[in-house]
Amino acid sequence: MKTKKISLSSQTVPLLLLLATIAFTLRFYLIPQHLFFGPEQGIDFTVIRDIATGHKLTLIGSKTDIPGVFHGPLYYYISAVPFATTGGNPIAVIFTLILIQALSIFPLYGLGKELWNRQVGFMAAILFTVSYSAIVNSRWLSSPPLALPLVCVFFYSFTRYLKGNNRYLLLSALSFGLLVQSQFLNLILFSAILLFLIIIFYKRILTTPLKILLPSLFILGLISIGNFVLFDLKHHFLISNSLLELASGKRGYYLPPNIILSSIYAKAVDFYSWILTPTFSAFTPPIFILLAVLLLKKITHPITNSSQTILAVWLFTPFIIFFLLHHDLISHYFIPFLPAFILAIAYGLDLLFTRNKILGFAVFLALILFNLFIYVKNIPANSNIFFQANQPHFYYSDQQKIIAETYKRAENRPFSIQAFTIPYWKQEGWLYLFWYEGTQKHLKLPVKDNPDKLFVIVQDNPSDRLFQWNWLQDTVSQWGKGEAGRFWFGDISVIIRQVK
């Protein structure tokens, strides 16, 4: 492949900065009010607190859906920086993560330009900026969304390497390793993708100087699996044994071929429709097939048509891997493939522009306006947020008000809390927030034993009022000497029980 010198013009940088600013604004809008902080976030922030304040380093991240298998700790260590500088403020952490997401604009533009041209790069950057799916994923205080910027850096650097710049192989190895550390499933998915790319472009790899190739392989192996190997050695091969049991069908939800195909189709349509035409999933399959045909039709030779080859490998490999794994899927497994679909759309629009500029511009504008319409409709109301679907009115701002009022009603006396919020009996989110608010503002924390008052935090649950009512009648009413008052903010109410 011939090397093409790429430089950002004086006009390109301001435009990309403007897009990144817009992307950040759209993603951070109403976060201080709507941030979802539940039990999983509470568990994560407790570990981050140990890293930032107790200097307790960890080899692994949060649990995956598979017992004995864990994500990498990248999310913890990135979050530890804003955590340490703000005393553990969740808004500061999500601010930092959203800023990183917004900066994905730069490698995504560069990748589109490298694969095809400047117009494809800008269209991809604009679509990523306004994509409702990209926006919602960035608002999720969790590890998987970190894959978005990292996967863009990986493919951008690998493409630059294929075009002759050997030093970019080092960046490819680094970004690949960090991509794996953002979500464990990426180890399987992108190892397969990397294997396909090596097979296709093996001649280019054989021409790479050993002084570049060997350090790249070392970096890739060390950052990708080094921590998992050390953890396995210390814990009697827990991860390895869990993966072997998963592969043999002893763990997980092993599905027959027809069911897994149906699951892959349903989850892919659900995920990709939110990128293209949110709430109108019927349009997604034919458009996806059309883009696939356009890509594959252009691949007359994998190496000669390297741009289409790279995107096709990125876009279609997960379907093969998910089928071979034979396990049920979650829509967010497709997060690292969101930029690939956006690039495919931008490439399709570029082809349309060459045939009919008016029609191409009309379709491009329609995609932008439709995503913005869905944004305006859903984000202020906090609806159609996949990770908060069953509790859209569980607001961080209400949690803060509940905590402030609890301290006020406690009257500087010892108190304890019991939370009945979705999911039931999970206290970690509230315990962390009481720790943060208590240490920063009140210099006092809830106690476990001998409180004067017990504050029972209850989230409204319209889907299961009977269970909640029975719990209130049969359990809460038995605590302490009697009810001493109530208060509420939004969908969260608090029953005060006098203990002493």
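These values consider heavy atoms only, across backbone and side chains, with no hydrogens, waters or symmetry-generated copies.
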Closer than 3.5 angstrom, by distance alone: can the side chain of [X] be matched with the main-chain N or O of [Y] as a donor-acceptor pair?
{"X": "D350", "Y": "V120", "result": "no"}
{"X": "Q498", "Y": "D452", "result": "yes"}
{"X": "T96", "Y": "A92", "result": "yes"}
{"X": "S182", "Y": "S143", "result": "no"}
{"X": "S242", "Y": "P67", "result": "yes"}
{"X": "S172", "Y": "F158", "result": "yes"}
{"X": "T64", "Y": "V69", "result": "yes"}

K453 and E411 ion-paired at < 4.0 Å
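A salt bridge is present here (some side-chain N lies under 4.0 Å from a carboxylate O).
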
Knowing that exactly one of I496, V494, I495 qualifies, which makes a side chain to side chain contact (heavy atoms under 4.5 Å, CB included) with R486?
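Among the candidates, only I495 passes.
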
Residue among I94, L30, L97 satisfying side chain to side chain contact (heavy atoms under 4.5 Å, CB included) with R139:
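Considering I94, L30, L97, a side chain to side chain contact (heavy atoms under 4.5 Å, CB included) with R139 is found only for L30.
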
Under the ring-ring contact (aromatic ring centres under 6.0 Å, His included) test, which residues partner [X], sequence neighbours left out?
{"X": "F122", "value": "Y109"}
{"X": "Y75", "value": "none"}
{"X": "Y375", "value": "none"}
{"X": "F155", "value": "W314"}

Just verifying a value: how many Å separate [X] [atom1] and [Y] [atom2], rounded to the nearest 0.5 Å?
{"X": "S397", "Y": "Q33", "atom1": "OG", "atom2": "CD", "result": "5.5 Å"}
{"X": "F319", "Y": "T317", "atom1": "CZ", "atom2": "OG1", "result": "10.0 Å"}
{"X": "L111", "Y": "Y156", "atom1": "CG", "atom2": "OH", "result": "9.0 Å"}
{"X": "L178", "Y": "L174", "atom1": "CG", "atom2": "CG", "result": "4.5 Å"}
{"X": "L325", "Y": "I321", "atom1": "CG", "atom2": "CD1", "result": "6.5 Å"}
{"X": "D270", "Y": "I330", "atom1": "CG", "atom2": "CD1", "result": "12.0 Å"}

What are the two closest heavy atoms between [X] and [Y], and how far apart are they?
{"X": "V269", "Y": "P285", "answer": "CG2-CG, 3.8 Å"}
{"X": "A102", "Y": "A20", "answer": "CB-O, 3.5 Å"}
{"X": "P392", "Y": "N382", "answer": "O-ND2, 2.6 Å"}
{"X": "I368", "Y": "I126", "answer": "CD1-CG2, 3.7 Å"}
{"X": "R27", "Y": "T129", "answer": "NH1-O, 3.0 Å"}
{"X": "L454", "Y": "Q418", "answer": "CD1-N, 4.0 Å"}

Within residues 432-444 or reaching into it, pairs that qualify as salt bridge (Lys or Arg N to Asp or Glu O under 4.0 Å) - sequence neighbours excluded
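Listed by first then second residue: E437-K441.
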
CA sep, side-chain torsions, deciding dist, call: L367, L127, side chain to side chain contact (heavy atoms under 4.5 Å, CB included)
CA-CA 8 Å; L367 288 174; L127 289 174; 4.2 Å; yes

So does W435 have more than 12 non-hydrogen atoms from other groups sitting under 6.0 Å from CH2?
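More than 12 heavy atoms, drawn from other residues, nucleotides or ligands, come within 6.0 Å of this atom.
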
Count the heavy atoms of every other residue, nucleotide or ligand shown that sit under 6.0 Å from NZ of K500, and state whether that count exceeds 12.
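For K500, atom NZ is crowded (more than 12 foreign heavy atoms under 6.0 Å).
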
Minimum side-chain heavy-atom gap [X]-[Y] below 4.5 Å:
{"X": "Q459", "Y": "F420", "answer": "no"}
{"X": "F455", "Y": "F487", "answer": "yes"}
{"X": "F337", "Y": "V151", "answer": "no"}
{"X": "F24", "Y": "L103", "answer": "no"}
{"X": "Y407", "Y": "I403", "answer": "yes"}
{"X": "H332", "Y": "Q183", "answer": "yes"}
{"X": "F184", "Y": "I66", "answer": "no"}
{"X": "W140", "Y": "F36", "answer": "no"}

Side chain to side chain contact (heavy atoms under 4.5 Å, CB included), that's the test. Do I335 and L148 meet it? Break it down for me.
CA-CA 7 Å; I335 287 177; L148 287 172; 3.9 Å; yes

Where do F489 and E405 land on the side chain to side chain contact (heavy atoms under 4.5 Å, CB included) test, with the steps shown first?
CA-CA 10 Å; F489 292 97; E405 186 65 18; 3.9 Å; yes

Distance-only polar pair, side chains of [X] and [Y], donor-acceptor under 3.5 Å:
{"X": "Y333", "Y": "D65", "value": "yes"}
{"X": "Q181", "Y": "N227", "value": "yes"}
{"X": "S131", "Y": "N371", "value": "no"}
{"X": "Y76", "Y": "D44", "value": "yes"}

Do the ring planes of [X] and [Y] sit parallel (below 30°), tilted (30 to 60°) or perpendicular (above 60°)?
{"X": "Y272", "Y": "F341", "value": "tilted"}
{"X": "Y432", "Y": "Y436", "value": "parallel"}
{"X": "W116", "Y": "Y347", "value": "parallel"}
{"X": "F28", "Y": "F95", "value": "perpendicular"}

Does F83 form a side chain to side chain contact (heavy atoms under 4.5 Å, CB included) with F45? I'd like the steps, not just the answer.
CA-CA 9 Å; F83 187 105; F45 270 66; 3.9 Å; yes

side-chain contact (heavy atoms from CB on, under 4.5 Å) against L431, all qualifying residues, sequence neighbours excluded:
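side-chain contact (heavy atoms from CB on, under 4.5 Å) list for L431, sorted by chain: I417, Q427.
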
